[in-house]
Amino acid sequence: MKKSLLFAVLISMSMLLAAQSIPPVQCAQDGKTEKVIYHQATKHASPFVIMEPNIVSNRGMVSPTEVEIGETFYDLQTNASIDNRFVVFDDGTMAAVWTRGMTASAFPNRGTGYNYFDGSDWGPWPDERIEDIRTGWPSIAAWGETGEIVVAHNGVSGLEWSQRDVKGSGDWTQTNFIGPAGIENDITWPRMVTSGENNEYIHLIVNSYVEYMGQARALLYSRSSDGGASWDPHNVILDGTGDEDYFQIDADGYTAHSNGNTVCFLVGGTWIDLFYMRSDDNGDNWEKHLVWEHPYPMIDPATMQADTFFCMDRTAQLKIDNQGHVHVVFALQRAISDESGYGTYAWNPDYDGIVYWNDMMEPFSNDINALAPPQLGYEGSELIEDVNYIGWMQDVDGNGVVELEGIMNYHSTGMSTMPSLAIDELGIIYVLYSSNTEGFVYSGGDEPVNYKHIWMRSYSNQQWGDFTDLTENIAHIFDECIYPVIGKASGPHLHYIYNADIAPGNGFNGDHEYHQNRTIYGLMDIATSVNENLPVDNGLNLSLSPNPVADKLNISFDINESADIRIILSSITGKQMKEVHRTNVNAGTVKIGIDVSDLPAGTYICSLWANGLMANKKLIVR
């Protein structure tokens, strides 16, 4: 009942908001809407077309708020969703990883590129991988009180673990991780997060790559509480993800996030449900939750037929906010499996969009048009502009039409694709995605193609805001901007990374010659973080006194009916410093005192949640 009521509220709210006016799209290649058979990821990740690297690049061309932190000529960073390759630590330091390969012809030197921000500066570009063996697809996480850990697959004998006790310095300790009996060497495409008070629990999901336990490809879960020395459980298939549920789990069709003791794995694809597994006790127990119910969840698209249906384009991300709620973003596409094969309509600009969902909403149904973009007018669409349909290609020149010269697709086939998500300590939601962008055209291939740029949109004050092109700077006029990952939204800044290179598409797929791809760190000021423009009070009349405060803070607010309330004091870097819970608080004016004498002097944010509403105030401790 709660979910249905909230969704009704969202629908009503959408009618009150000023619509963003989704523009129609014209494409010079608008006849090119044929079905595209999926790229099949290869076990050894060898290039489809062998080409020598082209040294042409745009190195040094970045905007003032960006820093180039590394490079690679090997340019396939994922087959679907982006892995956990950027972490912002609680102390403000940062680390980024990517698949780095500098020599073509199978890239024998491929491995994890790593760079570290020490609080003042990023390090020099790495000139070698961190492992002593060929690897790819790294995930990084905080480990222990001060350390860090990286996992990547080696394509020959399972996974490689690299870890050290002090992040950013010292030698890496490298160990091997293998799969279950019978497929010891065949596990690939890992995702890894840590949880617990001191990041002591390591959680790993990995693809079997080959047939296992009745599935063409299975998803395996492992957990360690001693830095990887032992695992319990070890290479298990969680209930709800096995052969009774899905024909297979696709390569990179999953992502992970943790917050405190809560861990979630988001799993999905064009040919299976979009769902997440959630544990609130560091992996002891798991529960499955649907986001989108697939019309044909057990289909083998290579041998079975299905009607044309709207679906996700294989890219998605999940985040857990500080109240424990789950938020999901994913990109759209349309697919079919018929007598001619299976695939998606990768060049049809109508099948464009970024979708937002949270765990207070009902899952999307299995209607074949449930995920149809609302502007297309399909009966059965469950998407509402500026409510759960929140991203699309933009009309840059403002003439009412998005005019494209041509489109290049990746293994993910959406026009707008690869969304990344973050929620800051104020509850503001930030979404980044890569989208074909009007007016920025690559003419170096057989046909002109529009570049993709990194676009951002945020949700605050109960509405989705304007669209921002984070790469509109003249520095990126000849850049394809792809693979965005938000590290953290906190205090005054949004931290993110992405890739930039001179041509759309992948050298790996034979779209162009191999050339330099730059990993770029971006910093965006968040105007609503620590200033007088904090989100609205929502009628709670939150008051703090005295302010500035030295010892005891008096908090006062009004509620119209009894409620469970939560108060958090957090630093401007997003670190939670104090938390107060009260249940069944009576209606009226509520007064609560908090001792802040143990807090360092500085600026903080006081956030209040009550009856689904939130209020924030800036606090000065002296």
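These figures come from a predicted structure and were not determined experimentally.
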Inset, instruction - Under the side chain to side chain contact (heavy atoms under 4.5 Å, CB included) rule, collect the residues that match up with Asn366, sequence neighbours excluded. - result: Glu293

Inset, instruction - Have a look at Asp469 and tell me which of His453, Gln394, His476 forms a side-chain hydrogen bond (donor to acceptor under 3.5 Å, both in side chains) with it. - result: His453

Inset, instruction - Quick one: list whatever passes salt bridge (charged side-chain N to carboxylate O under 4.0 Å, His left out) with Asp75, sequence neighbours left out. - result: none

Legend entry - Asn541 atom CG, over 12 foreign heavy atoms within 6.0 Å: yes

Legend entry - Asp280: partners by salt bridge (charged side-chain N to carboxylate O under 4.0 Å, His left out), with sequence neighbours left out: Arg278

Legend entry - Contact check, side chains of Thr255 and Asn84, non-hydrogen atoms, under 4.5 Å: yes

Legend entry - Pairwise side-chain contact, Ile140 with Phe86, heavy-atom cut-off 4.5 Å (strictly under): no

Legend entry - For Glu579, salt bridge (charged side-chain N to carboxylate O under 4.0 Å, His left out) partners two or more places apart: Arg566

Legend entry - Ser195 versus Asn261, side-chain donor and acceptor atoms under 3.5 Å: no

Inset, instruction - Measure the CE-NZ distance between Met94 and Lys488 for me, rounded to the nearest 0.5 Å. - result: 10.5 Å

Inset, instruction - Give a yes or no on whether the backbone of Gly505 and the side-chain of Asp511 come within a donor-acceptor separation of less than 3.5 Å. - result: no

Inset, instruction - Check step by step if ring-ring contact (aromatic ring centres under 6.0 Å, His included) holds for Tyr483 and Trp98. - result: CA-CA 11 Å; Tyr483 303 132; Trp98 61 95; over 10 Å; no

Inset, instruction - Taking Asn259 for its side chain and Asp321 for its backbone only, find out whether a donor-acceptor pair lies under 3.5 Å. - result: yes

Inset, instruction - Consider only side-chain N and O atoms of Ser412 and Thr417, and report whether a donor and an acceptor are under 3.5 Å apart. - result: yes

Inset, instruction - Could you point out which residue of Phe275, Tyr254, Trp271 forms a ring pair (Phe, Tyr, Trp, His ring centres under 6.0 Å) with Tyr246? - result: Phe275

Legend entry - Set of side chain to side chain contact (heavy atoms under 4.5 Å, CB included) partners for Val590, sequence neighbours left out: Phe557, Ile559, Val585, Ile592

Inset, instruction - State which residues pass salt bridge (charged side-chain N to carboxylate O under 4.0 Å, His left out) with Arg85; sequence neighbours excluded, sorted by chain then number. - result: none

Legend entry - Check: Ile429 and Tyr356 side chains under 4.5 Å, non-hydrogen atoms: yes

